[in-house]
Amino acid sequence: SSEESNLCIDIYDEVGIGGGASGMSGGLLHPYSPKVKLLWRGEECWKESLKLLNVAEDARSSKSLDMVMPKTGLKEGDFIVRRSGLVRPVLSVKNMHMMNDNAQNCIASCRIESIHKDAAQKLVPDLCVPLDLAFHMPEAVNVNPQNYLEALYLACKTFVKSKCSLGISCKELNLHKESVLNLLELAGDYDAVIVCLGSGAAFLPELSGRLPLRMCRGVIAHLQLPDHIREDYPENSPSILSDAWLAVQGPQTLYLGSTWEWKSRNFSRHVPQEEASKALAELLPKASAVYPAIKNWTVKGTCAGLRAMPPLTAEGSLPLLGCVDEFIGGPTECKYWLFTGLGSRGLFYHALLGKLMAQAVLSCNEDLIPSELTSWKHRVKQ
């Protein structure tokens, strides 16, 4: 919004900042598909995501946050971004030539280096490179999603406070740990309502059965290296992408994911013993195929989240955005907006698409959103 505009934003989230699937994702951030092809608007999304990571890190280190830090889950020393890159060993001859071709079209701000086994094992000792080819993304990052989201929220609060203290405008930002059971209960209170509930959007009565989303529950395991094992994961070694990913948190801790349980409706982060055992039976062999040393690590726990996966289009699996007044009923006045279907790429898409959504809502102009992200409405009507 403009510097001088007055604005009040209320966030309704019954589980708080990062309490849903977004806060427990693997956090491996890069602009490429599993076949190392640049994603839709890859360079723009990558640039905007890095900007917000910097905003979050600046907020974390700011002296002005000293008073509010204890109220969050952030702990001194916990990282927001680990800048050690990613490595993806090639496991299939079938896709090897396609991946090699795709890698040649990488962007300068997130390079893809084709490396052989010796170079890959210098990056990650014991890494298995069966076809003597791996792709190294030195600029890719590993984000701690919970710490990042909390720091980003604190940055927003600090921004609001600074504007009010300067007397430029009166801006407000409030977090309500409450659920919204239907959109019409907000009808008289707001000029605009943005539904950004992830998979929860599909369960609102006004939108239920009308969104082309596929629900998918994913389980992630937290692994730790016992103290008696001397060979720590090297401090600056990249995380690993493969059929299962290993998101390294430090020399002795990492996250392993993720499973894909389609058609689930289970929002709970809690993973019962039977589900945990099944997930580990699937994930550990995949991890061992690229990083055999995983056998030395101990499982400390598991958690889960429900993804809202968008349909596949010619441009890839793209989020669903747009004005949804026609779904709610009543006059069309650009009051109700949807921002969902980010699937497993929320960290990649959120910055650029959040900016575009904000511009569209403030100007009441859906045309500011790329047509690829609003075309789902036409398919639904058909």
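Annotation: side chain of Leu29 is in contact with side chain of Phe348 (closest heavy-atom distance under 4.5 Å). At a threshold of 4.5 Å between non-hydrogen side-chain atoms, the residues Leu223 and Tyr255 do not count as touching. No side-chain heavy atom of Asn142 sits less than 4.5 Å from a side-chain heavy atom of Ser84. Within the 4.5 Å cutoff, side-chain heavy atoms of Ile240 are placed close to those of Pro89. Side-chain atoms of Leu321 and Leu338, non-hydrogen and from C-beta on, never get closer than 4.5 Å to each other. Here the side chains of Leu183 and Tyr336 are in contact, with some heavy-atom distance below 4.5 Å. In this structure, Asp191 and Lys335 have side chains that are not in contact, with every pair of non-hydrogen atoms separated by 4.5 Å or more. Residues Ser1 and Lys171 are in side-chain contact: their nearest non-hydrogen atoms beyond the backbone lie under 4.5 Å apart.
Note: the hydrophobic cluster containing Leu353 also contains Leu53 (ILVMFWY, side chain heavy atoms under 4.5 Å, direct or indirect links). There is no path of hydrophobic side-chain contacts, each under 4.5 Å, that joins Leu306 to Val271. If you chain together hydrophobic residues whose side chains sit under 4.5 Å apart, Ile112 and Met99 fall into the same group. Put simply, Leu368 and Val195 are part of two different groups of oily side chains (I, L, V, M, F, W, Y) that touch within less than 4.5 Å, one to the next. Hydrophobic clustering (ILVMFWY, side-chain heavy atoms < 4.5 Å, transitive): Leu241 and Val248 are in distinct clusters.
If you take CG on Leu7 and OG on Ser2, they are separated by 9.0 Å, rounding to the nearest 0.5 Å. Distance check: Leu181 CG to Glu178 CD gives 10.5 Å after rounding to the nearest 0.5 Å.
Checking each of Lys47, Arg83, Arg111 against Glu139 for a salt bridge (Lys or Arg N to Asp or Glu O under 4.0 Å) leaves exactly one that passes, namely Arg111. Looking at Val290, Ile220, Leu86, Leu254 one by one, the single match for side chain to side chain contact (heavy atoms under 4.5 Å, CB included) with Trp245 turns out to be Ile220. Residue Val299 is tested with Leu283, Leu280, Leu256 for a side chain to side chain contact (heavy atoms under 4.5 Å, CB included); the sole match is Leu280.
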Full working for side chain to side chain contact (heavy atoms under 4.5 Å, CB included) between Cys8 and Asn174: CA-CA 8 Å; Cys8 176; Asn174 307 299; 4.0 Å; yes
Residue pair Lys157, Glu150: steps toward the salt bridge (charged side-chain N to carboxylate O under 4.0 Å, His left out) verdict: CA-CA 11 Å; Lys157 293 287 286 185; Glu150 291 183 359; over 6 Å; no
Would Ser49 and Leu347 count as a side chain to side chain contact (heavy atoms under 4.5 Å, CB included) if you check the C-alpha gap in whole Å, the side-chain angles of each, and the deciding distance to 0.1 Å? CA-CA 7 Å; Ser49 292; Leu347 275 175; over 6 Å; no
Could you walk me through whether Asp325 and Glu333 pass side chain to side chain contact (heavy atoms under 4.5 Å, CB included), step by step? CA-CA 7 Å; Asp325 285 350; Glu333 52 186 20; 4.2 Å; yes
Could you give me the CA-CA distance, side-chain angles and deciding distance for Gln273 and Ser277, then say whether side chain to side chain donor-acceptor pair (under 3.5 Å) is met? CA-CA 6 Å; Gln273 182 58 47; Ser277 298; 3.1 Å; yes
Verdict with supporting geometry, Leu213 and Leu320, side chain to side chain contact (heavy atoms under 4.5 Å, CB included): CA-CA 9 Å; Leu213 295 172; Leu320 312 182; 3.6 Å; yes
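Met215 and Ser264 get closest at one heavy-atom pair: CB-O, 3.1 Å. The minimum heavy-atom distance between Cys334 and Cys323, with the atom names listed, is CA-SG, 3.6 Å. Taking every heavy atom of both residues into account, Ala247 and Leu28 meet most closely at CB-CD2, 3.8 Å. In this structure, Met24 and Cys303 approach most closely via the heavy-atom pair CE-SG, 3.6 Å. Shortest non-hydrogen contact noted between Ala140 and Cys110 is N-SG, 4.1 Å. Contact detail for Pro31 and Ile107: the closest heavy-atom pair is CG-CD1, 4.0 Å.
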All N/O donor-acceptor pairs, side-chain side in residues 115-123, below 3.5 Å, sequence neighbours left out:
| residue | atom | partner | partner atom | Å |
| --- | --- | --- | --- | --- |
| His116 | ND1 | Asp132 | O | 3.0 |
| Gln121 | NE2 | Leu127 | O | 2.8 |

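Residues Arg307 and Ser258 bring a donor and an acceptor atom of their side chains to less than 3.5 Å of each other. For the residue pair Ser363 and Gln359, no side-chain donor N or O sits within less than 3.5 Å of a side-chain acceptor on the partner. Under the 3.5 Å distance criterion, with hydrogens and angles disregarded, no donor-acceptor pair is assigned to the side chains of Lys300 and Thr253.
Residues Trp262, Met309 make up the rest of the hydrophobic cluster containing Trp260, defined by ILVMFWY side-chain heavy atoms closer than 4.5 Å, directly or through other members. Clustering of Ile, Leu, Val, Met, Phe, Trp and Tyr by side-chain heavy atoms under 4.5 Å joins Val15 with none of the others.
Residues in residues 6-61 take part in these ring pair (Phe, Tyr, Trp, His ring centres under 6.0 Å) pairs, two or more places apart or across chains: Tyr12-His176. Sequence neighbours left out, the pairs with a member in residues 23-44 that pass salt bridge (charged side-chain N to carboxylate O under 4.0 Å, His left out) are Arg41-Glu44. Residue pairs meeting the salt bridge (charged side-chain N to carboxylate O under 4.0 Å, His left out) criterion with at least one member in residues 222-251, sequence neighbours excluded, do not occur.
A search for salt bridge (charged side-chain N to carboxylate O under 4.0 Å, His left out) contacts involving Arg217 returns Glu275, not counting sequence neighbours. Applying the ring-ring contact (aromatic ring centres under 6.0 Å, His included) test to Tyr190 and every residue at least two apart in sequence or in another chain returns nothing. Listed by chain and number, the residues in a ring-ring contact (aromatic ring centres under 6.0 Å, His included) with Phe267 are Phe203 (sequence neighbours excluded). Glu48 pairs by the salt bridge (charged side-chain N to carboxylate O under 4.0 Å, His left out) definition with Lys51, Lys355, not counting sequence neighbours. Annotation: ring-ring contact (aromatic ring centres under 6.0 Å, His included) contacts of Tyr233 (sequence neighbours excluded): Tyr291. Partners of Tyr349 by ring-ring contact (aromatic ring centres under 6.0 Å, His included), not counting sequence neighbours: none found.
Proximity of a side-chain donor or acceptor of Arg82 to a complementary backbone N or O of Val141 within less than 3.5 Å is not detected. Judged by distance alone, the side chain of Arg88 and the main-chain N or O of His136 form no donor-acceptor pair under 3.5 Å.
With a 6.0 Å radius and a threshold of 12 heavy atoms from other residues, nucleotides or ligands, Lys286 has its NZ atom above the threshold. The local environment of NZ in Lys278 is sparse, with at most 12 non-hydrogen atoms from other residues, nucleotides or ligands closer than 6.0 Å. Counting heavy atoms of neighbouring residues, nucleotides and ligands inside a 6.0 Å radius, atom CD of Glu274 does not exceed 12 of them.
Look at Lys377 and Glu366 and you find a salt bridge, because one of the NZ, NE, NH1 or NH2 atoms lies within 4.0 Å of a carboxylate O, short of that distance.
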